[in-house]
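Scroll down for the structure; my scribbles are underneath it.
Throughout, a chain's letter reflects where its sequence line sits, starting with A, and its residues are numbered from 1.
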Amino acid sequence: MEPQYNHKLFESEIYKKWEKSGAFSPHPTTHNSHPFTIIMPPPNANDPLHIGHARFVAIEDVLIRYHRMKGEPTLWLPGSDHAGIETQYVFEKKLSKEGKSRFNYERDTLYKMIWDYVQENTGVMENQLKVLGASCDWSRFKFTLDPEMVKIVYGTFKNLYDDGLVYRGERIVNHCPRCGTAYSQMEVDSVERDDNLYYLDYGTITIATTRPETIFADVAVAVNPKDEKYKKLIGLYATIPLINRTVPVIEDNLVDEAFGTGALKITPAHDATDFEIGQSHKLPLISVIDEKGRMTGTPEKYIGMKALAAREEVVKDLEAAGKLVKVEKIHHLVGTCYRDHGNLEPTVSKQWFIKVEPLTKKVLLAIKNKDVRFAAKKYEKIAIHWLKNLKDWNISRQIVWGMRIPAYRCEKCMEWTITNGQIPKECSSCQNGILSQDPDTFDTWFSSGQWPFATLKTGEKGDFNNFYPTSVMETAYDILPFWVIRMLMLGIYSTGKVPFENVLIHGLVRDKEGLKISKSKGNVIDPIDMAEKYGSDALRMGLIWGELVESDIALSEDKINGQRRFANKVWNVARFVTQNSQYKVHSTKYIAKNEDDKWILDELKKTTHEVTRALDKYRLNEAAKEIYEFIWNKFADRYIEKVKDRREEAQTVLNYILDSTLRLLHPFMPFLTEQIWKEMGQNELLIVAAWPLTSKWPK
RNA sequence: GGAUCCAUGGCUCAGUUGGUUAGAGCGUCUCGUUUACAUCGAGAAGGUCGUAGGUUCGAAUCCUACUGGAUCCACCA
């Protein structure tokens, strides 16, 4: 053995050996052992991994390796996500560099182009997972758009539709005129901005608005019922300037009497609050801005103008007509597109919705019954809060990259026919033969919400029965509401069982100062660079050591380097043990000759117990620290220093301690320990060696 | 406005059924070191655990209020 551990010499070779050995695939159950399963949160197929991925790899791989060593049939199922909006956006940026846009291509061509683009990149992510040592079962790898996955998702949609849980809803959506798509509220960036607030004379009443170009779509003026100054106006009419249309004055407690004049013009087609008020008062919808963000259905002169340009014109005309009372500056939050940061246009459109209440009810019950447990209580609280407040789920997306919704509209009676994916021969209502498919695709979370059961049902025969419900869902807290609760909803709906028994949520990786990592801050930590520089083991240990799984962690190169030094320490401990001429490989028997021997053996017992206990409670930081302290402080600094003058006598104990130590450390630092295992002369691989038993010991 | 969380040595964090002297890594200081490792070893300094009350034989830990901070959701015409 060289005096220093050089990870570059061993890591890729070791990974190949593991892969070749078949250790990543679950072994058939020989003794009624309960399987341990994690479905990997699929990274985006077209993106390289970031440091956050490295954290989940470290955490999940520790759990997987631990349970594999305990002899459980262990499955870690990898995959990749088509990440609809994100990927299409990246692809469109690429297109625009070539001076093209998606409007240059037909739908099918564009889809094929994105597919090929993603295929080019998907290997990158897979190789990086291997670099990090992920011991997942590549033979079961899934892509969210694999045909058999699509089939499952279509089936679920059809079932939901047949059960009356899908409806065509008229909803106000945050429509981006440039992206040509509607975004969910979660995808909207709220930006602080200074704007003008225009006070407009509506005859009986003066209203305040930041969007005078939408006055042509007004259908009412609303005031707060508590607002004394307007009480007498309720039931009377106000007059929209420039077009002189009269609209009723109504009352609604969503109106803030302190804002502007306390009177709100109601424009249900172009504002979310107004839409809500319009719904409850059964007001009509008038739209004056089309999906490209241009004026329509207004007085002739504005038609075709972009909304912002029209605003200037309308203000001029209002001023000329003497209807502009005053203009104030206002500082407020505006919803903008998270992709291009331009204005979003709240627009009414017809889309598919899922009634969530029947689904969330069952999830809440499952949480209450502990069918699904959250490792950290705080995340259970957050999940419950979300489940109780979730609004109906809009699952239509106006993009190409994704699963096209299997809904076909009859051109004669305009009714929808929903299928499992196949093209219907005739309309289910009027039997007419001409139907056209909804151009929209499913929200990515609708398909990935089915990931755990879909991957297992389309895997090897018996996988679903063997591995569902899975053991642990491990993912970051930022997608708890998007993904985790959707998986619970759709998993319980589709299979009658929770998709996973435990939820382990991890925090974000932050920089040394605890700041969020972002490209603009320039504090990006590339996991592959770190793995190459310090070794995958050091990176993994650095991501686990010190902080709780559930917390955000502050990661610095110093911290990773500290773990590299630890790796070197372990290496040299092994060097010391095996250098002795008396060293023999298969000596599992040991004889304690004195108090020091008894002491280290006793400490090993305690450590084994503590590491095991901590792993069972997902307290990986504790487990890591226990084994770290045992090796460095107790084994190396104390015991080895003391036995230097009686090495031969202590050899059996040294062997035994090293052997056990490597087993305990293996889940955390798999490459290093596997290599030392080999240096010790072991024939079998450490990855499938047995976890040191603690059950035999009292307490 | 609603929700969740955090506040412990210079920095980043542990401390999860309330129980001796509050721990670790990094940093600082002192000393040592020709073979397992200088990628090292031995030792030291450094904390009235955000503030104020309360519960208790006993509180970093439980309760209340306050102060400061983080994140998420909603809304702001």
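Among the nucleotides B:A24, B:C40, B:C5, the one closest to any side-chain atom of A:E629 is B:A24. The A:Y477 side chain lies nearest to B:U71 when the options are B:C37, B:U71, B:G25. Here the nucleotide nearest the side chain of A:L548, chosen from B:U16, B:U12, B:U4, is B:U16. The listed nucleotides are B:U16, B:C72, B:A42; the one nearest the side chain of A:K516 is B:C72.
Nucleic acid contact class of A:I640 (heavy atoms, under 4.0 Å, all strands): base. Among the heavy atoms of the strands lying under 4.0 Å from A:A263 is at least one base atom, whether or not backbone atoms are also near. As judged by a 4.0 angstrom heavy-atom cut-off over every strand, A:K265 is placed among residues making no nucleic acid contact.
As rounded to the nearest Å, B:U55 and B:G9 have P atoms that lie 28 Å from one another. Comparing the P positions of B:G50 and B:A7 gives an interatomic distance of 7 Å, to the nearest angstrom. The gap from the P atom of B:C63 to that of B:U56 amounts to 16 Å, rounded to the nearest Å. Comparing B:G43 with B:C57, their C1' atoms are spaced 38 Å from each other, to the whole Å. Rounded to whole Å, the separation between the C1' atoms of B:G53 and B:U67 comes to 15 Å. B:G25 and B:U20 have their C1' atoms separated by 26 Å, with the value rounded to a whole Å. B:U48 and B:A60: their C1' atoms are spaced 12 Å apart (whole Å). Spacing of P atoms, B:C37 relative to B:A42, comes out at 16 Å, to the nearest Å.
An OP1 or OP2 oxygen of B:C37 is reached within less than 4.0 angstrom by no side-chain nitrogen or oxygen of A:W632. Dashed line: the shortest gap from a side-chain N or O of A:R619 to OP1 or OP2 of B:G15 is under 4.0 Å. For A:K377, no side-chain nitrogen or oxygen approaches OP1 or OP2 of B:U16 to under 4.0 Å. Distances shown here put every side-chain N or O of A:S551 at or beyond 4.0 Å from the OP1 or OP2 atom of B:U12. One finds a side-chain N or O of A:T273 lying less than 4.0 angstrom from the OP1 or OP2 phosphate oxygen of B:C76. Between A:R565 and the phosphate of B:C37, there is no side-chain N or O to OP1/OP2 separation shorter than 4.0 Å.
A donor-acceptor contact under 3.5 Å links the side chain of A:E641 to the base of B:A36. Residue A:K559 places no side-chain atom within donor-acceptor reach of the base of B:C26, judged by atom type and a 3.5 Å distance cut-off alone.
Aromatic ring centres of A:F10 and A:F671 lie farther apart than the 6.0 Å criterion allows.
Within 6.0 Å of OH in A:Y237 there are 12 or fewer heavy atoms belonging to other residues, nucleotides or ligands.
Side chains of A:Y477 and A:D552: a donor-acceptor N/O pair is present below 3.5 angstrom, by distance only.
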Find every protein N or O atom lying less than 3.5 Å from an N or O atom of nucleotides 60-63 of chain B, and list the pairs.
none

